[in-house]
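Once you've had a glance at the structure underneath, I'll fire off some questions.
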Amino acid sequence: MAQALRLAEQGLYSTSPNPRVGCVLVADEKCVGSGWHRRAGEPHAEVLALREAGDKARGATAYVTLEPCSHHGRTPPCAGALVAAGVARVVVAVQDPNPKVAGAGIARLRAAGIAVDCGLMEASARELNAGFFARMSRGTPLLRSKIAMSLDGRTALANGVSKWITGAAARLDVQHWRARSCAVLTGIATVLADDARLNVRDIMTGRQPLRVVLDSRLRMPLTARVLQGESVLIYTAVRDAEKIAALEQAGAAVAVLPGSDGKVDLNAVLRDLAQRECNEVLLEAGSTLNGAMLRAGLVDELLLYVAPQLLGDSARGIAQLGELVSLDQRVDLKWQDVRQVGNDLRITAKVEGCLWKFTFTG
């Protein structure tokens, strides 16, 4: 199963909106076939492994990182392919959360007389497809907030200067997180301040993420670099037909999702991104939007790049959380990983809980 998971990881940048899946076929304690899903519309991992194994698949054990599909989507069902190949046993890491599958694949295998075990290395399999599980189970993608900061938690000087707090190695590492994400999300303030492009650069990838900007009052300049290229989506709270037409003429898609306060509805944004089949969303924003997302309880993970420097208490913080009057109002985190990237530290942490709400004013 560990080998199957390593194979699945090869689809980290390419399988969206499908999950990353690997499969290994074993007969007489030898690997007779293996495969991994590359991109939507192409053969699934099980099919590729069966092709490689040929007749050796009969009586073999299949190790699959996600429950084989039972429905006919862009490709035929993998459960049926395993049955037809005559495998004797299937070991599944985790059940598929997709309602179209959700146990039906395992049931089909067992109905055909195939022994099925489920749960081997389940935590690793879930983590590999955390965004897919989030979208299928709760109707919103996994939201990961990337923040580059000093050791004292500052992201920019008081005058807004922030290039560069972290080093080249950390900035290159961010490109890998962009490449695995379905969308990169920011606020209009970041676009106006940095003229950010939000695309993947300096690494090989066959797919660019959807670039998303929250722009409540449609302040987006038509000359902004984020409008160059494909796959740009702007969420706004105003129905300015003339500006929307101009942005669409520039190549952007515009969605009007006002909240009750007249600002962009953050919950509606994430639900809409899920409808657009986004599994993982990388938030790259300033302290206002970071604070809004945290206080709304919408951030799943923090991706922190910490530089060995101090910027002082007048510099800008990572998130505008307002004044807390009780420790019960804190945002609780759970450390996932800490490692050095160049001269900086990269810390990943899951958001465990956040007890209050906040209105975004961007």
Side-chain angles (χ1 to χ4, degrees), residues 16-17 40 131 134-135 138-146 177-201 205 207-296 298-299 320 357-362:
S16 175
R135 177 165 69 90
R138 71 188 190 199
T140 57
L142 180 141
L143 184 63
R144 179 182 290 119
S145 178
K146 186 278 293 183
W177 291 92
R178 284 186 179 182
R180 67 175 287 170
S181 301
C182 303
V184 178
L185 170 66
T186 195
I188 185 61
T190 297
V191 173
L192 295 175
D194 300 336
D195 200 15
R197 287 178 287 176
L198 304 179
N199 60 344
V200 178
R201 304 183 295 275
T205 178
R207 177 189 64 88
Q208 286 286 343
L210 175 67
R211 293 171 294 161
V212 182
V213 181
L214 304 191
D215 185 5
S216 292
R217 298 187 296 277
L218 283 183
R219 294 184 288 157
M220 175 70 72
L222 296 178
T223 57
R225 292 196 299 175
V226 73
L227 296 177
Q228 300 170 9
E230 300 178 355
S231 301
V232 181
L233 174 60
I234 299 171
Y235 288 105
T236 186
V238 296
R239 299 184 183 279
D240 184 334
E242 183 177 348
K243 184 62 179 289
I244 289 174
L247 289 169
E248 291 176 340
Q249 182 65 32
V254 181
V256 183
L257 292 178
S260 58
D261 59 351
K263 309 300 180 182
V264 172
D265 186 325
L266 301 182
N267 284 278
V269 165
L270 293 184
R271 290 194 299 270
D272 187 68
L273 288 175
Q275 289 295 316
R276 297 172 189 268
E277 298 188 310
C278 290
N279 294 330
E280 297 181 19
V281 175
L282 185 65
L283 175 64
E284 298 192 37
S287 61
T288 301
L289 183 51
N290 272 323
M293 289 292 193
L294 280 166
R295 295 187 66 166
L298 299 176
V299 179
Q320 292 181 15
K357 302 292 182 181
F358 180 69
T359 300
F360 175 49
T361 58

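The shown structure was predicted, so the numbers you read here are calculated from the model rather than taken from an experiment. Residues: numbered from 1 along the sequence shown.
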Q) Which residues pass the side chain to side chain donor-acceptor pair (under 3.5 Å) test with R211, sequence neighbours left out? A)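 Side chain to side chain donor-acceptor pair (under 3.5 Å) check on R211 returns nothing, list empty.
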
Q.
How close do N290 and S145 get, counting heavy atoms only, and between which atoms?
A.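 Heavy atoms only, the tightest pair is OD1-OG, 2.7 Å.
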
Q. Do L214 and L185 have side-chain heavy atoms sitting under 4.5 Å apart?
A.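 They are in contact (side-chain heavy atoms under 4.5 Å apart), so the answer is yes.
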
Q) Which heavy atom of A274 sits nearest a heavy atom of G139, and at what distance? A)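 In this case the closest contact between A274 and G139 is CB-O, 3.1 Å.
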
Q. Does D195 use its side chain to pair, donor to acceptor, with the backbone of V191 at less than 3.5 Å?
A. no

Q: Check step by step if side-chain contact (heavy atoms from CB on, under 4.5 Å) holds for N199 and R201.
A: CA-CA 6 Å; N199 60 344; R201 304 183 295 275; 2.6 Å; yes

Q) If you measure from CD on Q320 to OG1 on T288, what distance do you get to the nearest 0.5 Å? A)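 Spacing of CD (Q320) from OG1 (T288) equals 3.5 Å.
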
Q | E248: partners by side-chain contact (heavy atoms from CB on, under 4.5 Å), with sequence neighbours left out | A | I244, V254

Q.
Working note: T186 + V212, criterion side-chain contact (heavy atoms from CB on, under 4.5 Å); need CA distance, chi angles, decisive distance, verdict.
A. CA-CA 6 Å; T186 195; V212 182; over 6 Å; no

Q: Determine yes or no for a side-chain-to-main-chain donor-acceptor pair under 3.5 angstrom, with Q208 supplying the side chain and V200 the backbone.
A: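 Looks like yes, one N/O pair under 3.5 Å.
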
Q) Okay, side chain of R144, backbone of V281: is any donor-acceptor separation there less than 3.5 Å? A)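 Checking the backbone N and O of V281 against the side chain of R144, no donor-acceptor pair under 3.5 Å is found.
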
**Q.** Short side-chain to backbone donor-acceptor contact, D265 and N267, under 3.5 Å
**A.**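 Flag set: sc D265 to bb N267 pair under 3.5 Å.
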
Q) Taking atom SG of C182 and atom CG of N279, what is their separation to the nearest 0.5 Å? A) 4.5 Å

Q. Listed by chain and number, what are the side-chain contact (heavy atoms from CB on, under 4.5 Å) partners of A255, not counting sequence neighbours?
A.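 Only L233, Y235, R276 meet the side-chain contact (heavy atoms from CB on, under 4.5 Å) criterion with A255.
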
Q. Any donor-acceptor pair under 3.5 Å linking the side chain of D215 with the backbone of I234?
A. no

Q. Just by distance, do the side chain of S181 and the backbone of W177 share a donor-acceptor pair under 3.5 Å?
A.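 A pair under 3.5 Å: yes.
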
Q.
Show, in sequence, the C-alpha distance, side-chain angles and deciding distance for T140 and R138, and conclude whether the side-chain hydrogen bond (donor to acceptor under 3.5 Å, both in side chains) test is met.
A. CA-CA 6 Å; T140 57; R138 71 188 190 199; 2.7 Å; yes

Q.
Keeping K263 on the side-chain end and T236 on the backbone end, is there a donor-acceptor pair under 3.5 Å?
A.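 Such a contact is absent between K263 side chain and T236 backbone.
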
Q: For P209 and V184, work out which heavy atoms get closest and say how close.
A: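 Scanning both residues completely, I find the closest heavy atoms to be CG-CG2, 3.8 Å.
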
Q: Take R207 and S16 through the test side-chain contact (heavy atoms from CB on, under 4.5 Å) and record every step on the way to the result.
A: CA-CA 9 Å; R207 177 189 64 88; S16 175; 4.3 Å; yes

Q) Looking only at heavy atoms, which two atoms of R135 and C278 are closest? And how far apart? A) CD-O, 3.3 Å

(Q) Is it the case that atom CZ in R239 sees more than 12 heavy atoms from other parts of the structure closer than 6.0 Å? (A) no

Q.
If you compare all heavy atoms of L273 against all heavy atoms of P141, which two are closest, and at what distance to 0.1 Å?
A. CB-CG, 4.3 Å

Q) How far does CE of M293 sit from CG of L270, to the nearest 0.5 angstrom? A) 5.0 Å

Q. Where do A237 and V256 come nearest, in terms of heavy atoms and distance?
A.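 In terms of heavy atoms, the two residues are closest at C-CG1, 4.2 Å.
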
Q: Give a yes or no on whether a salt bridge exists between E284 and R178, defined as a side-chain N under 4.0 angstrom from a carboxylate O.
A: yes

Q | Sub-4.5 Å side-chain heavy-atom contact between E280 and R180 | A | yes

Q) What distance separates L247 CG from E242 CD, expressed to the nearest 0.5 Å? A)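 One gets 11.0 Å once the value is rounded to the nearest 0.5 Å.
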
Q. To the nearest 0.5 Å, what is the distance between NZ (K243) and CZ (R217)?
A.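 Going from the NZ atom of K243 to the CZ atom of R217 covers 11.5 Å.
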
